[in-house]
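Heads up, the thing below is written out as structure tokens.
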Amino acid sequence: MTFMKTPRREPPEAGSLFRPRKKRRRASPGLTIAVGAAVVLGLIVLAQIRWNLLGAFAAHFPVPHRLEELVVEVNAKRETIPADGEKILNPRDAVRFVGVKTDGWFSWGVKVRAAELDLQRVRSKPAVLRDLLPGETFETPRTLALEATWLGNRLGGVRLIIQLDAKDWMAKAQEAGKTEDKIRFLEKVLEAEPRNVLAKTQLAALYAEAGRPADAERLYEEVLELGQSRPVLERLIGVYKKQKKHAKVLEASLELLQLTEDAQVFQDLLGYLQNQVPSREALTLLKQYAAKVPAKYRGSWHLVRADLATKTENWSEAAQAYESAAAAGVRDPTIHYNLSVVRAKSGDLDQAAQDLEKYLRANPNDVTNWLKLAAMYEKAGDESKALKIYRDLVGKNPSEKRALVRLAALLEKSGDKGELLKVYENLARLDPDDRVVLWNLAMLSYEAKQWDKALGAFEKYAALAPNDPKPLKYLLDLYQKNKDQEKQIAVLHKLIAVDKDNLAYYDALFALYDQAKNYDAIIKVFEEASKNNPKVKAFHEYLLYGALKKGQKQKALAALEELCRLEPKEVKYFKQAAQLHESLGQYAKALEKIKRVLEINPNDAAAKDDYMRLRLLLVAPKKTGFFYCTEKPVRV
């Protein structure tokens with residue numbers, strides 16, 4: 001073997017490092033991108049050819065081509081799901097993915113994926129679906145699509161549908177706070193379990209509360225088809241009542257009565273028929289269902305019939321119903337009372353009174369019906385029998401107010417005021433605040449000249465009716481009889497307060513104050529009265545009088561000014577005003593008033609003299625230096 005001799009390289013010259021390098025030629029950027037794209041495209045074409053060749057090759061071998069079923073373990077129980085099939089699961093279920101079965105001889109390399117579920121968590125051990133999908137309420141069924149592939153080729157898939165069952169919906173209904181949510185959840189329970197009696201009963205109650213009685217009725221009837229129950233029947237009756245289905249109320253109540261034999265059920269039914277159903281309709285129902293009523297209740301049934309017949313003014317049927325009640329075993333004396341009522345309604349008062357007397361023989365202490373019998377006699381025109389009954393009742397019990405009231409009414413007709421006064425004394429003792437009684441007692445006492453009794457009754461009445469002037473007028477008269485000036489003044493003030501337009505009260509009050517020489521009170525009363533009623537001349541005159549008596553000239557002048565305004569042609573007011581002004585040294589104002597007098601009556605000699613004197617009084621100090629005055633006394 002010969003070796004080629006390697007040519008010896010000469011060391012570079014000392015200055016070679018500073019020589020410029022030869023430039024290498026570089027490819028343009030566009031060329032680089034084009035080459036890269038061609039390489040990628042070539043790789044893709046080669047991969048496609050490879051896979052096509054591989055697929056063509058695999059088609060002739062027993063490798064996986066199609067999914068046949070998916071194997072899972074649900075709550076420790078192995079189950080299979082066929083390809084394109086579905087499995088309904090509950091969020092509480094514990095699930096483990098076991099494997100797949102395909103049409104090939106083996107399943108290795110087959111992958112199963114779910115877009116919204118991590119299957120790796122359920123391969124080795126089971127997991128609860130609710131935990132795998134946190135935050136999901138499942139109130140709407142959740143569908144999970146599982147897809148199997150082998151080497152990227154889709155083999156098929158299955159669907160898992162996760163939805164709540166009746167137990168879940170019932171739990172939600174129990175936890176819900178709002179009625180509409182409870183209703184929605186219980187409806188879901190019945191969708192899952194249509195024969196769930198508990199859910200139907202609860203939902204029917206909620207329908208009734210929510211104003212859906214027809215739906216409640218339907219569910220309660222469905223529950224009762226499975227077996228009668230008192231609570232359900234009672235609730236159904238309540239729903240019928242809300243819808244005013246009176247016949248159904250009656251039918252259901254009779255069923256409940258037969259089921260329970262509870263007398264209260266019967267009483268409630270009768271109360272409903274009497275108070276909630278129109279009388280004519282109730283009477284028709286009572287006739288229609290009489291045969292279905294248990295025998296021991298038929299007497300009461302016919303009594304209600306009679307009562308409703310009375311309400312509809314069907315007297316013959318009412319009497320017939322009472323007879324049927326007696327035939328059914330009713331031995332109560334009230335039958336006679338009821339017959340009395342029916343006959344009284346028909347106008348047969350004599351027979352009605354006889355029936356009521358039969359009842360009262362069995363019930364002698366029934367004061368109310370003794371009063372009814374007396375009223376019957378009154379209506380029939382036999383007042384003597386009525387008076388006897390009322391007097392007997394009052395004799396047994398002086399506090400029997402009802403008898404006293406009717407006795408008073410009859411005595412007023414008879415004109416026996418002595419007994420009538422005693423009756424009203426008893427009534428006033430029983431009811432001291434009854435104004436009618438007090439008024440009648442006061443008037444009877446006044447007419448009988450029993451002044452003290454009258455005074456006491458009128459005072460009580462006036463205290464109860466402070467704005468009523470009638471008792472005050474009588475009190476004023478009685479206080480005058482007793483010469484009680486202080487109480488007369490108090491009553492007059494009350495009369496003025498309730499009847500301000502009656503000037504006579506002011507006149508009387510002025511006379512009393514003047515008699516007592518209480519001029520301050522006169523000023524106070526009539527200053528206020530004249531302010532509130534400036535057009536009433538008398539008020540200003542009374543105020544003028546009081547002011548002059550007290551020497552209050554300015555108030556007197558103010559009153560005179562109002563009088564002059566009200567009576568512009570009455571010279572006496574102008575003369576009085578002139579005198580007051582003159583007494584106060586107000587000569588100019590006095591002269592103006594005298595001028596007004598002369599304008600009204602130019603021939604008034606006294607006014608002319610006053611005019612000259614006042615002129616001199618006005619000019620004397622300026623011209624002569626002396627003071628001249630012949631002041632006249634002011635007339636009160």
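Using bins of under 30°, 30° to 60° and over 60° for the plane-to-plane angle, the ring pair Tyr461/Trp439 lands in the tilted bin.
At least one side-chain heavy atom of Glu222 sits under 4.5 Å from a side-chain heavy atom of Lys200. Looking at Asn363 and Thr334, their side chains never come closer than 4.5 Å, going by heavy atoms from C-beta outward. Contact check for Leu236 versus Glu217: side-chain heavy atoms found under the 4.5 Å cut-off. At a threshold of 4.5 Å between non-hydrogen side-chain atoms, the residues Arg402 and Val367 count as touching. By the 4.5 Å heavy-atom criterion applied to side chains, Leu387 and Leu407 are counted as neighbours. Side-chain contact check for Leu224 versus Leu233: some heavy-atom pair is nearer than 4.5 Å. In this structure, the side chains of Asp93 and Lys87 stay at 4.5 Å or more apart for every pair of heavy atoms. Using a 4.5 Å cut-off on side-chain heavy atoms (C-beta onward), Leu270 and Tyr297 make no contact.
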Trace of the side chain to side chain contact (heavy atoms under 4.5 Å, CB included) decision for Leu303 with Asp332: CA-CA 11 Å; Leu303 288 176; Asp332 194 329; over 6 Å; no
Please determine whether side chain to side chain contact (heavy atoms under 4.5 Å, CB included) holds for the pair Leu410 and Glu378, giving the CA-CA distance in whole Å, both sets of side-chain angles, and the decisive distance to 0.1 Å. CA-CA 9 Å; Leu410 290 179; Glu378 281 191 64; 3.6 Å; yes
One pair to check against side-chain hydrogen bond (donor to acceptor under 3.5 Å, both in side chains): Gln354 and Asp350. What are the steps and the verdict? CA-CA 6 Å; Gln354 291 177 25; Asp350 290 338; over 6 Å; no
List the steps and the verdict of side chain to side chain contact (heavy atoms under 4.5 Å, CB included) for Val189 and Phe185. CA-CA 6 Å; Val189 173; Phe185 294 144; 5.7 Å; no
Going through the checks in order, is the side chain to side chain contact (heavy atoms under 4.5 Å, CB included) test met by Met170 and Leu198? CA-CA 10 Å; Met170 182 64 80; Leu198 177 61; 4.3 Å; yes
Candidate pair Arg235 and Thr201, rule side-chain hydrogen bond (donor to acceptor under 3.5 Å, both in side chains), full reasoning: CA-CA 9 Å; Arg235 292 177 185 177; Thr201 305; 5.7 Å; no
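In this structure, Thr149 and Arg154 approach most closely via the heavy-atom pair CG2-CA, 4.0 Å. Summarising the geometry of Leu67 relative to Gly157, their closest heavy-atom pair is CD2-N, 3.8 Å, with the distance given to 0.1 Å. Residues Tyr272 and Lys244 come closest through the heavy atom pair OH-CA, 4.4 Å. Nearest heavy atom pair, residue Leu269 against residue Trp301, reads CD2-CZ3, 4.1 Å. Pro278 and His246 make their closest contact through CD-NE2, 4.1 Å (heavy atoms, listed as atom of the first residue, atom of the second, distance). Closest approach of Leu119 to Val112, counting heavy atoms only: CD1-O, 3.3 Å.
Put simply, the side chain of Arg66 never gets that close to the backbone of Leu155: no donor and acceptor are under 3.5 Å apart. A distance-only check finds no donor-acceptor pair linking the side chain of Asp103 to the backbone of Pro64 [under 3.5 Å]. Judged by distance alone, the side chain of Asn426 and the main-chain N or O of Val423 form no donor-acceptor pair under 3.5 Å. With hydrogens and angles disregarded, no donor-acceptor distance shorter than 3.5 Å links the side chain of Trp169 to the backbone of Glu139. Under a 3.5 Å cut-off, the side chain of Lys182 and the backbone N or O of Ala173 do form a donor-acceptor pair.
Using a cutoff of 4.0 Å between basic side-chain nitrogens and carboxylate oxygens, Glu234 and Arg230 are scored as salt-bridged. Here Glu317 pairs with Lys287 in a salt bridge; the nearest charged N to carboxylate O distance falls below 4.0 Å. Between Arg92 and Asp168 a salt bridge is recorded (basic side-chain N to carboxylate O distance below 4.0 Å). The pair Lys388-Asp392 meets the salt-bridge criterion, since a charged nitrogen lies less than 4.0 angstrom from a carboxylate oxygen.
Inspection of the Glu251 and Tyr289 side chains reveals an N or O donor paired with an N or O acceptor under 3.5 Å. Between the side chains of Gln351 and Asp348, not a single donor N or O lies within less than 3.5 Å of an accepting N or O.
For the side chain to side chain donor-acceptor pair (under 3.5 Å) with Lys372, the qualifying choice from Tyr359, Tyr337, Tyr377 is Tyr337, the only one to do so.
Taking CG of Leu441 as the start and CZ of Arg429 as the end, the distance is 12.5 Å to the nearest 0.5 Å.
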